[in-house]
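Structure record follows, encoded as structure tokens.
What's counted below: heavy atoms across the whole structure, side chains too, no hydrogens, waters or symmetry copies.
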Amino acid sequence: MKFPGQRKSKHYFPVKTRDPLLEQLTQQPQPFATYISGIDQTLVDIEAKVEDELLSRYGLPKGNSTLINDEQAHRLYTELKIHGLISDEFAGGTIGNTVHNYSILADDRSVLFGVMSQNIEVGSYAYRYLCNTSSKVDLNFLQPVDGPIGRCFTLISECGERTFAISKGAMDKLTPEFIDKDVIQGSSALVLTAYLMRASDGDRITDAAMCAIEYAKAAEVPVVLTLGTRFLIEEDPQWWQNFIKEHVTILAMNEDEGEALTGSRDPLLASEKALEWCDMVLTTAGPIGLYTAGYTEDSEKRETTHTLLPGAIPEFNRYEFSRPKLKSDCETPIKVFAHISPYMGGPEKIGNTNGAGDGALSALLHDLAANTFHKTNVPGSSKHKRDGLCYSSFSQVCKYANRVAYEVLAQHSPRLSRGLPEREDSLEESYWER
């Protein structure tokens with residue numbers, strides 16, 4: 001596993017730094033491998049720039065996410081193809097993007113649960129999905145199904161507003177029988193999306209997700225939920241609050257989803273409110289940057305050396321150098337917050353905002369998995385005398401998530417094609433060191 005962020009190797013790779021004399025006398029165990037697992041609706045993203053007239057004709061509310069049937073999807077795809085409106089086709093899905101990016105960043109394994117067309121033709125949606133997924137993502141647990149996987153049309157209006165038309169295909173056909181208990185319970189985290197909870201018409205992906213959650217909770221594996229869209233959350237925010245309180249360890253959301261969940265437009269206050277139901281929150285807030293929020297033990301808190309920031313919670317970042325912990329592991333838990341503005345002010349030109357939040361979450365998951373990796377392989381390290389949820393501080397997680405989100409925004413695909421550069425040619429080393 002590569003360690004997250006820009007690290008000094010002598011500090012962060014003690015697994016391989018052995019005393020040569022002791023190494024001859026003792027047999028060193030093989031490093032324990034870590035991985036994360038995720039469940040997703042396997043789908044392909046089809047991106048096109050369209051006029052508002054097309055949205056009206058297909059009955060697609062501008063800025064919303066709407067389910068369409070296979071016949072409508074075929075007509076829409078054909079029309080977009082004929083008029084040359086399709087700009088890109090990517091492997092997609094919130095969790096698919098996240099586990100792919102995790103494997104690129106960590107250069108290590110992740111496991112994806114979902115469905116895949118049993119018969120795959122060259123050039124088909126399923127073929128495109130497989131071609132655009134990292135070979136480090138273990139797809140051996142996908143459930144074979146008859147018919148196409150899902151298709152998500154991202155229709156971009158002239159004003160930049162994105163409208164989503166989703167054709168389910170067989171993407172919700174995953175059943176609990178294809179959730180491997182040992183894989184879930186051996187992972188560093190189980191990552192899910194809120195979309196999994198709205199299966200209908202006899203589809204069982206919700207049952208599969210709940211089965212995986214129960215496996216994870218039984219083994220104390222952190223459950224990570226990303227909210228996906230505000231329109232789904234605002235239908236019944238109380239239901240989601242109860243769900244998060246009962247099942248979720250880490251919550252990822254943007255400012256719109258945070259407002260739908262908590263009623264607070266301020267992303268900092270929304271993050272604080274969400275801590276009533278979970279242990280850690282990652283909130284992306286577009287041009288404002290991103291926030292992390294969570295708990296640490298009062299006796300272990302570490303004050304920042306950065307400028308104290310104003311906000312709805314004055315000087316909220318005072319203890320951002322602390323490591324996140326489970327609230328239940330704290331004798332005297334205190335809330336900790338961190339914030340960072342967009343890396344380098346954001347890209348000069350944003351190709352696509354799709355996937356930036358998934359990129360930020362993959363960075364957090366990489367840090368969480370690195371903690372498991374280090375704790376298992378170097379159990380005597382002083383790092384683990386006080387157990388933490390992540391390897392790094394709130395501040396460092398912010399910086400890493402921010403950097404990865406920038407990398408996604410600066411390209412056009414929602415999935416990373418390579419890891420972060422070994423050295424930052426465009427920025428002084430102090431970004432990572434401060």
Does [X], at its [atom1] atom, have more than 12 non-hydrogen atoms belonging to other residues, nucleotides or ligands within less than 6.0 Å?
X: E121; atom1: CD; answer: no
X: Q118; atom1: CD; answer: yes
X: E220; atom1: CD; answer: no
X: E276; atom1: CD; answer: yes

Show the nearest heavy-atom pair for residues [X] and [Y], with the distance to one decimal.
X: S322; Y: E300; value: OG-O, 4.4 Å
X: P414; Y: N97; value: CB-ND2, 3.9 Å
X: A216; Y: I184; value: N-CG2, 3.8 Å
X: D70; Y: S167; value: OD1-OG, 3.0 Å
X: D45; Y: G92; value: OD2-CA, 3.2 Å
X: G289; Y: H339; value: CA-NE2, 4.3 Å

- Message: Angle between ring planes, Y102 versus H366, binned at 30° and 60°: parallel, tilted or perpendicular?
- Response: perpendicular

- Item | Plane angle bin for F316 and Y291 - parallel if under 30°, tilted between 30 and 60°, otherwise perpendicular | tilted

Between the main-chain N or O of [Y] and the side-chain N or O of [X], is there a donor-acceptor pair closer than 3.5 Å?
X: D329; Y: K325; value: no
X: D358; Y: T98; value: no
X: E257; Y: N254; value: yes
X: Q241; Y: L261; value: yes
X: S117; Y: N119; value: no
X: Q143; Y: V115; value: no
X: Q72; Y: N69; value: yes
X: N101; Y: L416; value: yes

- Given F113, which of L142, I205, V183 fulfils the side chain to side chain contact (heavy atoms under 4.5 Å, CB included) condition? V183

- Message: I need the single residue from L155, T66, T154 that forms a side chain to side chain contact (heavy atoms under 4.5 Å, CB included) with F164. Which is it?
- Response: T154

- Might you work through the salt bridge (charged side-chain N to carboxylate O under 4.0 Å, His left out) test for R75 and E79, ending with a clear yes or no? CA-CA 6 Å; R75 281 197 297 115; E79 180 174 344; over 6 Å; no

- Task: Any chance you could lay out the salt bridge (charged side-chain N to carboxylate O under 4.0 Å, His left out) test for K375 and D387, step after step, and finish with the verdict?
- Result: CA-CA 9 Å; K375 181 165 57 176; D387 203 12; 3.1 Å; yes

- Task: Can you run down the salt bridge (Lys or Arg N to Asp or Glu O under 4.0 Å) pairs that involve residues 89-99, sequence neighbours left out, and say none if there aren't any?
- Result: K81-E89, E89-R128

For the residue pair [X] and [Y], confirm or rule out a side-chain donor-acceptor distance under 3.5 Å.
X: S103; Y: S110; result: yes
X: T94; Y: T193; result: no
X: D52; Y: S157; result: yes

- Message: With side-chain contact (heavy atoms from CB on, under 4.5 Å) as the criterion, how do I68 and H74 come out once you've worked through the C-alpha distance, each side chain's angles and the decisive distance to 0.1 Å?
- Response: CA-CA 10 Å; I68 60 176; H74 181 73; over 6 Å; no

- Does NZ or CZ of R415 come closer than 6.0 Å to the centre of the six-membered ring of Y129, within 45° of the ring's axis? yes

- For D107 and R418, run salt bridge (charged side-chain N to carboxylate O under 4.0 Å, His left out): C-alpha distance rounded to whole Å, both residues' side-chain angles, the deciding distance at 0.1 Å, then the answer. CA-CA 10 Å; D107 192 27; R418 60 182 177 85; over 6 Å; no

- D203 and K173: CA distance, side-chain angles, deciding distance, salt bridge (charged side-chain N to carboxylate O under 4.0 Å, His left out) verdict: CA-CA 5 Å; D203 293 333; K173 301 296 184 186; 2.8 Å; yes

- Message: Distance check, rounded to the nearest 0.5 Å: Y319 atom OH versus K335 atom NZ?
- Response: 15.5 Å

- Atom pair CD1 (I95) and OG1 (T226), whose distance is rounded to the nearest 0.5 Å: 6.0 Å

- Applying ring pair (Phe, Tyr, Trp, His ring centres under 6.0 Å), which residue pairs with at least one partner in residues 237-264 are found, sequence neighbours left out? W239-F243, W240-F243, F243-H247

- Item | Worked check of side-chain contact (heavy atoms from CB on, under 4.5 Å) between V281 and M253 | CA-CA 8 Å; V281 181; M253 60 188 185; 3.8 Å; yes

